[in-house]
Amino acid sequence: MSYFSNIGKIQFEGKGSDNPFAFKHYNPEQVILGKTMEEHLRFAVAYWHTFNANGTDPFGSATMFREWDKLDGLDRAKARVEANFEFMDKLNIPFYCFHDVDIAPEGATLQETNKNLDVIVGLLKENMKTSGKKLLWNTVNMFSHPRFVHGAGTTCNADVYAYAGAQLKKGLEVGKELGAENYVFWGGREGYETLLNTDMGFELDNLARLYEMALAYAKEIGFDAQFLIEPKPKEPTKHQYDFDAATTISFLRKYNLHNDFKLNLEANHATLAGHTFEHEIRTAAINGMLGSLDANQGDLLLGWDTDEFPTDLYSTTLTMYEVLKAGGIGRGGVNFDAKVRRASFEADDLFLGHIAGMDSFAWGLKAAAKLTEEKILDSIVDNRYRTFKEGIGADIVSGKATLASLEQYALQNNPIRLESGRQERIRLQLSEVIFSV
Ligand code: XUL
Ligand code: CO
């Protein structure tokens with residue numbers, strides 16, 4: 001059975017092509033700075049946006065009706081598995097990601113839910129074996145069901161906490177069974193609405209306890225995935241505990257968990273936090289915590305998570321520049337946590353959305369490689385800090401300086417000579433690089 005029978009394999013046709021169902025920039029075998037594009041980018045399909053989303057928004061019902069929607073229950077779940085592998089094959093995407101509830105329907109009891117999961121995980125495993133496709137990460141959805149109204153790891157109710165623990169245990173077993181490279185925690189309802197009824201310190205202690213239990217269980221079953229936390233500042237709760245990279249790193253350090261976790265950073269979450277994506281990536285990287293990327297983009301005119309496919313070349317270039325600077329994405333990848341617009345309701349749009357994202361990232365990678373190879377930004381930055389390379393600057397960096405020695409220097413150093421930051425010139429240079437590759 002084919003779910004996308006009108007679409008063949010998407011091929012690389014290069015810049016001259018006007019075929020919308022072809023790559024103009026993503027050439028998986030092309031070697032850039034010693035690695036193929038495929039190895040640099042490690043693209044992943046997000047199951048929920050691609051196979052579960054139906055265009056519903058707070059003001060209107062579904063606009064998207066897929067082949068698998070003719071079925072329901074476990075049959076629909078099985079059809080989605082087949083659709084997933086056909087989709088990945090046609091787009092030449094090596095990885096995928098899912099929440100437990102994306103792949104299998106929840107039953108009336110935890111036992112039933114786990115049974116459904118077992119059926120689908122078996123089917124996924126078979127398909128992975130024959131196709132060679134891999135699981136970039138899995139996670140458990142502990143935010144949609146009404147039981148999580150007050151949170152999961154940060155709930156005020158111990159019975160809900162226990163349920164979350166059970167769900168997480170199963171999630172780790174599923175990850176192990178499917179050989180997941182990473183395991184993600186996005187704290188959908190881990191946050192609060194008002195301090196008037198909230199014990200923030202206690203909730204955070206409990207969240208750390210859940211992470212400790214997860215680490216212990218992963219070790220017990222020999223699940224060696226990299227654990228990742230995905231920061232987001234707000235939505236669904238007003239104050240999400242994992243606000244941004246810096247807040248999450250501070251949490252991990254407080255509970256001595258920083259050696260066991262890295263971060264899964266998402267572009268639209270960065271926007272909501274008032275940061276650029278590259279800021280979040282640099283923050284993680286300089287703390288040794290760059291794990292993986294959720295690639296999408298937000299709308300700067302809207303205050304919520306729009307999860308659009310990434311097409312902003314300035315952002316994809318600077319994202320890949322940060323990744324190259326960090327020495328690569330490691331076991332992480334570029335997961336399209338992105339959905340087609342409600343009005344882009346045809347199945348073809350799922351392909352066009354991914355092609356747009358993949359080509360924009362490939363283009364960004366090429367531009368980032370040029371920036372790196374030609375040391376365009378490195379030489380600007382190097383030059384900007386050159387006063388720290390000798391004299392008083394070198395004393396500061398080596399630790400030789402004291403407040404007294406700084407005073408002695410400052411008293412005789414008048415006037416201080418400053419130089420322009422030249423931001424406007426640099427931005428134009430960046431544009432020149434992007435449009436030259
Ligand atoms: C929500 C979001 C999630 C996580 C996984 O904004 O990004 O889909 O990526 O739970
Ligand atoms: Co995400």
Side-chain angles (χ1 to χ4, degrees), residues 42-54 56-58 95-103 106 135-145 148 151-154 164 167-168 170-172 174-175 180-191 207 210-211 214 225-245 248 261-273 275 277 280-281 284 290-299 302-310 315 319 329 332-340 353 357 361:
R42 294 167 61 85
F43 285 131
V45 174
Y47 214 90
W48 55 102
H49 284 311
T50 310
F51 306 109
N52 300 84
N54 60 12
T56 312
D57 77 7
F95 294 98
Y96 70 113
C97 303
F98 63 77
H99 304 82
D100 50 357
V101 304
D102 306 334
I103 59 166
E106 286 191 83
L135 186 58
L136 185 65
W137 53 258
N138 68 310
T139 184
V140 290
N141 177 327
M142 304 199 294
F143 44 89
S144 295
H145 194 282
F148 298 119
T154 61
Q167 197 178 338
L168 171 54
K170 184 71 180 169
L172 297 172
V174 166
E181 303 258 339
N182 305 273
Y183 185 86
V184 165
F185 295 85
W186 171 60
R189 305 251 171 216
E190 316 296 20
L207 186 59
L210 193 66
Y211 289 149
Q226 172 66 58
F227 276 19
L228 304 173
I229 294 185
E230 182 176 326
K232 183 175 183 181
K234 54 191 165 197
E235 199 199 26
T237 73
K238 183 157 67 176
H239 303 274
Q240 293 276 133
Y241 287 133
D242 300 323
F243 187 94
D244 61 0
T248 307
F261 282 82
K262 288 188 172 167
L263 303 183
N264 182 39
L265 299 164
E266 175 165 327
N268 205 159
H269 296 178
T271 308
L272 294 177
H275 300 309
F277 199 19
E280 288 293 85
I281 300 171
L290 175 57
S292 195
L293 301 179
D294 267 10
N296 58 20
Q297 69 186 31
D299 188 320
L302 302 175
W304 61 91
D305 205 10
T306 59
D307 285 348
E308 295 164 33
F309 275 92
S315 176
T319 296
I329 198 71
V334 174
N335 168 48
F336 289 109
D337 194 350
K339 59 181 181 224
V340 287
F361 259 83

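In this text the structure is predicted, and so the values were computed from the model without any measurement. Counting starts at 1 for both ligands and their atoms, following the listed order.
Remark: H99 engages D102 in a side chain to side chain donor-acceptor pair (under 3.5 Å) (not counting sequence neighbours).
Residue contacts with ligand 1 do not include V184, since none of its heavy atoms lies under 4.0 Å from the ligand.
Here the heavy atom of the protein found nearest to atom 10 (O) of ligand 1 is H99 NE2, 2.7 Å.
Close contacts between ligand 1 and W48 involve ligand atoms 8 (O) [criterion: under 4.0 Å to a heavy atom]. Taking every heavy atom of K232 and a limit of under 4.0 angstrom, the matching atoms of ligand 1 come to 6 (O). Taking every heavy atom of D294 and a limit of under 4.0 angstrom, the matching atoms of ligand 1 come to 9 (O).
Using the six-membered ring where Trp is involved, F309 and F336 have ring planes that are tilted, between 30° and 60° apart. Aromatic ring pairs are classed by plane angle as parallel below 30°, tilted from 30° to 60° and perpendicular above 60°; the pair F227 and Y183 is tilted.
Atoms of the protein (N, O or S only) found under 2.8 Å from the Co ion (ligand 2) are E230 OE2, E266 OE1, D294 OD2, D337 OD2.
Between D307 atom CG and D299 atom CG the span is 12.0 Å, to the nearest 0.5 Å.
Contact annotation for H269 and ligand 1: only side-chain heavy atoms (C-beta onward) come within less than 4.0 Å of the ligand. Neither the backbone nor the side chain of N141 has a heavy atom within less than 4.0 Å of ligand 1.
Under the side-chain contact (heavy atoms from CB on, under 4.5 Å) rule, L293 has a single partner from T319, D337, L263, which is T319.
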